[in-house]
Enquirer: 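Sharing a structure, written as structure tokens. Questions coming.
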Amino acid sequence: MAEAPRPPSQEFHSVLAENRVFPPSPEFASRAHIRSMEDYRRLWDEAERDPDAYWGARAREELYWKEPFQTVLDWKPPHARWFVEGRTNLAYNCLDRHLDKRRDKTAILFEGEPGDRRKVTYGELARDVNRLANGLRSLGVRKGDRVGIYLPMIPEAAVAMLACARIGAVHSVVFGGFSAEALLERMNDAGARVLLTADGGWRKGAVVPLLENVRKALPQMNSLERVVVFQRTTQGALQLSGKELAWSELVSKQSDTCEPEWVESEHPLFILYTSGSTGKPKGVLHTTGGYAVNASLTTRWVFDLKDEDVYWCTADVGWVTGHSYVVYGPLMNGATTVIYEGAPNHPGPDRFWDLIAREKITILYTAPTAIRAFMRLGDEHPKRHDLSSLRVLGSVGEPINPEAWMWYRDVIGGGRCPVVDTWWQTETGSIMLSPLPGATPTKPGSATLPLPGIHTEVLDRQGNPVPANQGGLLFVTRPWPSMLRTVYGDPDRYVRTYFSELPGKYFTGDGARRDNDGYFWLMGRVDDVVNVAGHRLGTAEVESALVAHKAVSEAAVVGRPDELKGTALVAFVTLKQGVAPSPELKKELGAHVTKEIGAIARPDEIRFAEGLPKTRSGKIMRRLLRDVAGGKQTTGDVTTLEDLNVLATLRNNEE
Ligand code: WT7
């Protein structure tokens, strides 16, 4: 059973002492979409006075609606329906809408890891999307059917998502770094009929064997009818068989035009699997209208996005950041979005800076773990390149420590670019807490304030507001358009996970505090979810992968603070009778987790133990394990331990 949320620990001491403030420069502010705190407050008040009027106006501004909506929000806690009677299509909003003005504008600026480059214009993207959409229809894919996407970071990943949206099919993207087993579990849960994949993708000079993984899983993918394979890494004709079909063949005979499916606002757009506190990942379901309104609006406001910007969000489309801020948000705004396929340090430590200088990228949105890694590599790499095109820097995925924030601002942004630390989640669909770069004075390490219309509060478990400067639990207390609608196939889990802590209020799973200015400071997860290098993992998932190994009797996985990754994974493992602990076995268990989930879930450290500390009722004492893993003194009451010797054994076994 999952542990009850605990109040956040005070791990980020440097953050607590942080008192630097950086107001936006007058030059930046004078040209920004939102230019002052007065602008921000005016929008905030407008949303407060009449939320329906506020969101209704935003929805009409952001999207083309084939059929208008009358009802802005139908809220029967905890279920929301937004822009209820409206009909729209997201591919139409990302493409067709721009063709008059931007047919020849670059929509996607692509760079492959080997150095190949492509500029895909809005006209070309619309054509490619329509052909694939027609191709999917020719395979029998209809509105509401699920389509899996398991692709590298190439323009076809965006084409695939938009082709699904065009015909009302529900996409479920699986990160290319996930294993065959993880892919299988997700495709079966979603009931995908078609899977769009590639022979492989490039990463650190090697090929990620996507098709090989698909083939391993294929015999057990019970709903899957066809696999469409894009050729990326191999030469010569693809050798395909059975359910497999070449992408090029599927699209070659298709028309360049495709009538969009005008879907209801609440028609499902995508399912994206994310980790929770049980072993099974949750299929977070987002619908069309509300998601689109928020994704579009926040991309423009938070990054101050303009028509002439070259915008680069470095996330993979396998994560929600890639959905909202690589594909949908920028394309709805008619922007140029950069897609880079490979590793940040390949072939050299300055790959990112080289790309930024060469393409004159103006907005960069990346993760603290990447920033810390670059910081460690040394200033000489960014300093060799002209980064003067940059004007806004974004951070997402985990708390950013003030040191990394300052380095990002000074070394990458030349002290001139506002840094926007954006807090949100797969479930929220779009950014919730963030500075507006032309308005909000920033503080290193704080995600600052909620966007207009967003109500976040720090509460205790009884629902009382927590006084300033004290840690509590972060809730979203009112519905917002891009909120998840359910957990696919498990509606009870939606209610249980997000709305049972305080009825009617969305529980984020994060701890936070507010300072005297009302600024939010995120303090990390309070459930059994950890953020490893910006990747969200459930400790229970890793545990169930470990106990699936024949040598393992029991496993407990916890996070410990890590300078580079934010959190590192430590696994405590007890072995079956007669199995001897050895360094080889540790390696084997690491490889086993990689096979079951993916390399991102491989524990950084495995410790063998003779037993795990448990309460009298048999619950593993994770708090104790976290302390042991972090090398801290044990605090609190250990008398409920079934066997105190267990702790001593763990302590002695720290090698
Ligand atoms: C969790 C959500 C949607 C962004 C990509 C990750 C952590 C995210 C921040 C931030 C502190 C952050 C939270 C959150 N997180 N952004 N700016 N400051 N923490 O999405 O995989 O759904 O993970 O990432 O713990 O709950 P995700």
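Numbers for residues simply follow the sequence, beginning at 1. Read the numbers this way: they start at 1 and go in the same order the structure lists the ligands and their atoms.
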Enquirer: Could you please provide the protein residues found below 4.0 Å of ligand 1 on a heavy-atom basis, arranged by chain and number?
Expert: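 These residues qualify: V320, T321, V396, G397, E398, P399, D421, T422, W423, W424, Q425, T426, D510, L522, R525, N531, R536.
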
Enquirer: Salt bridge (Lys or Arg N to Asp or Glu O under 4.0 Å): which pairs involve residues 414-428, sequence neighbours left out?
Expert: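 As it turns out, the salt bridge (Lys or Arg N to Asp or Glu O under 4.0 Å) pairs with a partner in residues 414-428, which skip direct neighbours, are E427-R536.
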
Enquirer: Check this for me: does any side-chain nitrogen of one of E113 and R203 sit under 4.0 Å from a carboxylate oxygen of the other?
Expert: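 Judged by the 4.0 Å cut-off on N to carboxylate O distance, E113 and R203 do not form a salt bridge.
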
Enquirer: Under a 3.5 Å threshold, yes or no: a donor from one side chain and an acceptor from the other, between N93 and Y328?
Expert: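 Absent: no donor and acceptor within the cut-off.
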
Enquirer: Using a strict threshold of under 4.0 Å (side-chain N to carboxylate O), is an ion pair present between E398 and R372?
Expert: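 Answer for the salt bridge query: yes.
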
Enquirer: Name all pairs fulfilling the salt bridge (Lys or Arg N to Asp or Glu O under 4.0 Å) condition that reach into residues 314-331, sequence neighbours left out, sorted by first residue then second.
Expert: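 Every pair satisfying salt bridge (Lys or Arg N to Asp or Glu O under 4.0 Å) with a residue in residues 314-331: there are none.
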
Enquirer: By side chain to side chain contact (heavy atoms under 4.5 Å, CB included), which residues pair with R602, not counting sequence neighbours?
Expert: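 Once residues adjacent in sequence are excluded, the partners of R602 under the side chain to side chain contact (heavy atoms under 4.5 Å, CB included) criterion are T594.
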
